[in-house]
Amino acid sequence: MNDAIKDFLIKIMSAFPHSFIKYYVYGGFEITLDEKNVLWFSLGEIESDLELKIRFISAISRCYKTEPYGTSKRNIEWQQKNMVAFNKVLGTNFTEDDFEYIYTYLGNGCNKPIAIKFIESGYDLNVLKRLIDEKKKKIDWSEK
């Protein structure tokens with residue numbers, strides 16, 4: 001594990017104070033950010049900080065809509081807490097609508113080439129939107 005990966009993991013764990021890294025014999029390493037509400041992602045086969053950032057964005061952007069509690073109030077508090085931590089890690093100020101957009105197009109590991117360009121842009125949402133629009137135009141064109 002190189003220093004850039006370690007530094008980004010430290011940044012993540014600083015923003016998510018109850019986080020920890022665990023090793024499973026058959027599953028490798030994973031980072032758990034909220035054990036009670038099962039907010040985690042695998043650290044397996046990460047060879048660069050870029051790959052770690054992609055995994056982080058892909059997994060954690062979903063928190064804007066996750067509802068682990070039985071009451072709206074607690075769910076909103078949980079979502080807000082995780083969105084604040086997400087923004088702290090990336091040095092961004094994404095809104096709930098931004099999270100929805102990011103998760104829609106980068107969640108669950110989809111659009112990896114676009115995720116890389118988004119990260120390289122310094123998490124510029126306008127760059128992400130432009131890249132997604134370009135991709136949609138190519139798909140629309142190919143269907144005609």
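Reckoned from all heavy atoms, side chains included, excluding hydrogens, waters and symmetry mates.
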Step-by-step side chain to side chain donor-acceptor pair (under 3.5 Å) determination, Tyr64 to Asn82: CA-CA 8 Å; Tyr64 85 93; Asn82 287 306; over 6 Å; no
ring-ring contact (aromatic ring centres under 6.0 Å, His included) evaluation trace for Tyr101 with Tyr105: CA-CA 6 Å; Tyr101 191 86; Tyr105 295 105; 4.7 Å; yes
Evaluation steps, side chain to side chain donor-acceptor pair (under 3.5 Å), between Asp34 and Trp78: CA-CA 10 Å; Asp34 182 345; Trp78 186 83; 2.6 Å; yes
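A pairwise comparison of heavy atoms in Cys63 and Gln79 identifies O-CG, 3.1 Å as the closest pair. Summarising the geometry of Ala85 relative to Ala15, their closest heavy-atom pair is CB-O, 3.4 Å, with the distance given to 0.1 Å. Of all the heavy atoms in Phe86 and Phe16, the pair that sits closest is N-CZ, 4.1 Å. In plain terms, the two heavy atoms of Phe20 and His18 that are nearest each other are CD2-O, 3.6 Å.
A side-chain donor-acceptor contact under 3.5 Å links Asn75 to the backbone of Tyr69. Remark: the backbone N or O of Phe99 is not paired with any side-chain donor or acceptor of Ser61 at under 3.5 angstrom. Using a distance-only test at 3.5 Å, with no hydrogens or angles considered, no donor-acceptor pair links the side chain of Arg62 to the main chain of Tyr103. For Asn37 (side chain) and Leu39 (main-chain N/O), no donor-acceptor pair under 3.5 Å exists by modelled atom type. A donor-acceptor pair is defined here as one N or O able to donate and one able to accept, closer than 3.5 Å; no such pair exists between the side chain of Thr32 and the backbone of Glu35.
With rounding to the nearest 0.5 Å, the separation of CG in Leu9 from OG in Ser14 is 10.5 Å. Considering CD1 of Ile5 and CD1 of Ile46, their distance stands at 7.0 Å, rounded to 0.5 Å. The CG atom of Asn111 sits 10.0 Å away from the OG atom of Ser58 when rounded to the nearest 0.5 Å.
Residues Leu33 and Phe94 fall within the same hydrophobic cluster, defined by Ile, Leu, Val, Met, Phe, Trp and Tyr side chains chained together at heavy-atom separations under 4.5 Å. Hydrophobic clustering, with ILVMFWY side chains joined whenever heavy atoms are under 4.5 angstrom apart, keeps Ile12 apart from Trp40. Val84 and Tyr123 fall into different hydrophobic clusters, where Ile, Leu, Val, Met, Phe, Trp and Tyr are joined by side-chain heavy atoms under 4.5 Å apart, directly or via other members. Tyr23 and Ile21 end up in the same hydrophobic cluster when Ile, Leu, Val, Met, Phe, Trp and Tyr side chains are linked at under 4.5 Å. Note on Ile116: it clusters hydrophobically with Ile60, by side-chain heavy-atom contacts below 4.5 Å among ILVMFWY residues.
A salt bridge between Lys53 and Asp49 is present, with a side-chain N of the basic residue lying under 4.0 Å from a carboxylate O of the acidic one.
Pairs of residues two or more places apart, or lying in two chains, that qualify as salt bridge (Lys or Arg N to Asp or Glu O under 4.0 Å) and include a residue from residues 90-118 are Glu51-Lys112.
A side-chain hydrogen bond (donor to acceptor under 3.5 Å, both in side chains) with Glu134 holds for exactly one of Lys137, Lys138, Arg130; it is Arg130.
For the pair Phe41 and Leu43, the minimum side-chain heavy-atom distance is below 4.5 Å.
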